[in-house]
Protein chains: 2
Amino acid sequence: MRIAELSRVSGVPVPTIKYYLREGLLPAGELTSPNQADYGDQHLHRLRLIRALVDLGQVPVAGVKRIIEALDSDSLSLHDQIGRAHRAITPQPQLTASTEARAEAAAQVDELIRSRGWTVDPDAPALTTLIETVAAFRTLDQDQLAGFLDSYADAVEKFTELEVAAVTSRADRTTPDQIAESVVIGTILGETLISTLRLLAQESISAKRWKAP
Amino acid sequence: MRIAELSRVSGVPVPTIKYYLREGLLPAGELTSPNQADYGDQHLHRLRLIRALVDLGQVPVAGVKRIIEALDSDSLSLHDQIGRAHRAITPQPQLTASTEARAEAAAQVDELIRSRGWTVDPDAPALTTLIETVAAFRTLDQDQLAGFLDSYADAVEKFTELEVAAVTSRADRTTPDQIAESVVIGTILGETLISTLRLLAQESISAKRWKAP
DNA sequence: TCCTGATGGATAGTAGCAGTATCCATTACA
DNA sequence: TGTAATGGATACTGCTACTATCCATCAGGA
């Protein structure tokens, strides 16, 4: 398939495909002559993955690149592939909390992780964001929300169990590469799923409780 | 307090504060002379809210403005305030799915909402995103993840119950304005909380299951 | 064989976002 | 009384994610 057809089938404009090629998100097609290349199904698949991560997952292009590099490096263990994908999508936020608020929040988070027996790299960027967020709740006079941290963690563990089940339910039928891809898609698009479901659930409850008659 | 002190206390640079003033995110201080204005605690509080939404919640500045306008308009019912805040943070993604995939996904989502008895505005932008995401799962050969939609919704309802409890637990002690603000903070920072907790839970499980020995 | 239109590859340009920087005529206050 | 800060206006910057243009080929139909 040539680039025009790839563009037509995927719905991605040709200049954008060229841009993804330049950025190394998409592998080059097989050159059949100095100015003709052939693209296959794997290019279409990759392109769809890119668009899903960018459009739905709101992952920046540079992040998609890091994710793809992790997926493509078969020398990495699945755990390391997942770790890199996580790092690629965890924004390192501006540290905005006061030192005291952060220390308090860090203690609460540490206690949470300890009591749940989670194994977490102390350098995980998500940890910083979590601490900063808990601190923000307090700074914004929303201590009661910070108090629900443990219940939030309960519900989150449910998701994670679901996802592990979803991934392992196919483990016998797929290659490690496909498992890694499933995990990445589940992590990123799963978040979009959760947040939109949450919005809808909230809207529904809000309508029942507070809608003007 | 003058702008320099507001900057020092909040950690936000003076030019940025001026930018927020220009954009109407922050109300002007009270002018005590043509070139001196006085800022109070409500300015500091507002500034902290802005930074939390921007830095932690990843809400674009234009979205923060719409949220603040919703919070400030006391003519709106709580339900409408929440609705506007939701709209301000729901991105309208590029429609990327094929017509058939979208129709299938829409049917699944409709069925989900019907079976749960949710009251959802058919124009809710989150609905479009949800349908597009479910369609993307299928297009990316991850049908098994789409199949978990109902279980995801189960877990999401738990969050929403938690949040309603958190908000109403203070309802007798706060004004409607403060309830609306709590809901907004809970919605947006709550999402940050959920996604970082999810990342940590995944990392922990991934370490236990797949970490190279 | 000739011509039209597409292609790969390179380079340059653009729109939007979130600030930063600069300037100026005041004004606070040591 | 002079130095530093302020409100307000305008201009500039860095970054991201594309778009546009150009060009020397090259495929495929008339």
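Look at A:D121 and A:R87 and you find a salt bridge, because one of the NZ, NE, NH1 or NH2 atoms lies within 4.0 Å of a carboxylate O, short of that distance.
DNA chain C is contacted by both B:T16 and A:V14; A:V14 maps to the nucleotide lying nearer its 5′ end (nearest heavy atom per residue). Of the two residues contacting DNA chain C, namely A:Y39 and B:P13, the nearest-nucleotide position lying further toward the 5' end is that of A:Y39. Annotation: of the two residues near DNA chain D, A:R2 and B:L21, the 5′-most nearest-nucleotide partner is B:L21.
Taking atom CZ of residue B:R8 and atom C1' of nucleotide D:dA4, one finds them 16 Å apart after rounding to whole Å. If you measure from atom CE of B:M1 to atom P of D:dG7, you get 12 Å, rounded to the nearest angstrom. Between the P atom of D:dA17 and the CD1 atom of A:I50 lies a distance of 13 Å, rounded to the nearest Å. Atom CD of B:Q36 is separated from atom P of D:dA5 by 12 Å (rounded to the nearest Å). Atom CD1 of A:I17 is separated from atom P of D:dA17 by 18 Å (rounded to the nearest Å). Distance, A:N35 CG to D:dT25 P: 9 Å, rounded to whole Å. Between the CD atom of B:E23 and the C1' atom of D:dG7 there is a distance of 17 Å, given to the nearest Å. Here the P atom of nucleotide D:dC23 and the NZ atom of A:K18 are 14 Å apart, to the nearest Å.
Residues A:E30 and A:H43 bring no donor and acceptor atom of their side chains to less than 3.5 Å of each other. A donor-acceptor contact closer than 3.5 angstrom is absent between the side chains of B:E132 and B:T96.
Under a 3.5 Å cut-off, the side chain of B:Q178 and the backbone N or O of B:T175 do form a donor-acceptor pair. A donor-acceptor contact shorter than 3.5 Å is absent between the side chain of B:E104 and the backbone of B:A135.
Within the nucleic acid shown, B:R22 comes within 4.0 Å of at least one base atom, counting heavy atoms only. Contact annotation for B:P15: base contact, defined as any heavy-atom pair under 4.0 Å involving a base atom. Here A:L31 lies in heavy-atom contact (under 4.0 Å) with sugar-phosphate atoms only.
Between A:I50 and the choices A:V61, A:L26, A:D55, the side-chain contact (heavy atoms from CB on, under 4.5 Å) rule is met once, by A:L26.
Between B:F159 and A:F159, the ring centre distance stays below 6.0 Å.
Considering only side-chain N and O atoms, A:Y19 lies nowhere under 4.0 angstrom from the phosphate OP1 or OP2 of D:dA20.
First and last contacting nucleotides of DNA chain C toward chain B (any atom under 4.0 angstrom from a heavy atom, 5' to 3' order): C:dA18 to C:dA28.
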